[in-house]
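We're numbering straight along the sequence, starting at 1.
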Amino acid sequence: MFRIDELLRISEYDIYNNPNVSDERIREIAEIISTDKSIDLNEYFDLLKCSSKFCWLNYLKILGKLPEEDKIRGISLLFVLLQDENWPTFQKTMKLLKKFDKKIIAPFFDKYLEQAYAEDDEMWISNMQSLAKKLK
């Protein structure tokens, strides 16, 4: 994990503060994540680390570059990004989630739907219902 920690401190790779990380740099980060299965995406894809919601798009770009088996490691983040349809990541998040097999996302769907109900978050519930309709 040392390699990715050092890399993300460099301005041109700073996915947390630079909303315009180049496609080449995004691809390099994705390659490191794909190679090092010990990297915890929930740690690195922490929404609170970002200086703006537009930096969240970097996370989605990285997920988009990962091989299918590694994209599964980022599903939790995708469900969190469904909370508000006004966020700049919402449409891309929906597109990414629709690409997963229903059997893969079902446990995540149940977990986050339960959380949305516990938090009485009507928009999040509605957005997940919309996703469910698109998956059928």
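Sorted pairs that involve residues 53-62 and meet salt bridge (Lys or Arg N to Asp or Glu O under 4.0 Å), not counting sequence neighbours, are lacking altogether. Applying the ring-ring contact (aromatic ring centres under 6.0 Å, His included) test to pairs two or more places apart or on separate chains, those with a residue in residues 80-103 are Trp56-Trp87.
Taking CD of Glu114 as the start and CD of Glu119 as the end, the distance is 11.0 Å to the nearest 0.5 Å. The CG atom of Leu78 sits 7.5 Å away from the CG atom of Leu82 when rounded to the nearest 0.5 Å. Distance CG/Leu57 to OG/Ser52: 8.5 Å, rounded to 0.5 Å. For the atom pair NZ (Lys134) and CE (Met94), the distance works out to 4.0 Å, reported to the nearest 0.5 Å. Distance check, rounded to the nearest 0.5 Å: CD1 of Ile4 to CD1 of Ile33 gives 4.0 Å. Between the CG atom of Leu97 and the CE atom of Met128 there is a distance of 10.5 Å, given to the nearest 0.5 Å.
Ile26 and Phe54 fall within the same hydrophobic cluster, where Ile, Leu, Val, Met, Phe, Trp and Tyr residues are linked whenever their side-chain heavy atoms come under 4.5 Å apart, directly or through other members. Follow the hydrophobic side-chain contacts under 4.5 Å out from Tyr117 and you reach Ile105 in the same cluster. Linking ILVMFWY side-chain heavy atoms closer than 4.5 Å, directly or via other members, places Val80 and Ile104 in a single hydrophobic cluster.
Using modelled atom types, no side-chain atom of Lys98 and backbone atom of Leu135 make a donor-acceptor pair closer than 3.5 Å. Of the possible polar contacts, none joining the Ser130 side chain to the Ser126 backbone as a donor-acceptor pair under 3.5 Å is found. Formation of a donor-acceptor pair under 3.5 Å by the Thr35 side chain with backbone atoms of Glu31 is found in this model. With Lys65 contributing its side chain and Ile29 its backbone, the two residues share no donor-acceptor pair below 3.5 Å. Here the side chain of Tyr16 pairs a donor or acceptor atom with the backbone of Tyr44 at under 3.5 angstrom.
In this model, no donor atom of one side chain and acceptor atom of the other lie less than 3.5 Å apart for Asn18 and Asn20. No side-chain N or O of Asp121 forms a donor-acceptor pair with one of Tyr112 less than 3.5 Å apart.
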Practice item. Take Tyr13 and Asn58 through the side-chain hydrogen bond (donor to acceptor under 3.5 Å, both in side chains) test and state the conclusion after the steps. Key: CA-CA 10 Å; Tyr13 293 90; Asn58 289 330; over 6 Å; no
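One finds a salt bridge joining Asp23 and Arg27 here, because a Lys/Arg side-chain nitrogen approaches an Asp/Glu carboxylate oxygen to under 4.0 Å. Remark: Asp70 engages Lys37 in a salt bridge, criterion side-chain N to carboxylate O under 4.0 Å.
With Lys71 as the partner, the side chain to side chain contact (heavy atoms under 4.5 Å, CB included) test is satisfied by one option alone out of Ile62, Leu41, Leu66: Leu66.
Nearest heavy atoms, Asp36 versus Arg73: O-NH2, 3.5 Å. For Asp46 against Tyr59, the heavy-atom pair with the smallest separation is O-OH, 2.9 Å.
Relative orientation of the Phe109 and Phe79 rings is perpendicular, given thresholds of 30° and 60° on the angle between their planes.
Crowding of Lys95 atom NZ: a count of heavy atoms from other residues, nucleotides or ligands under 6.0 Å not exceeding 12.
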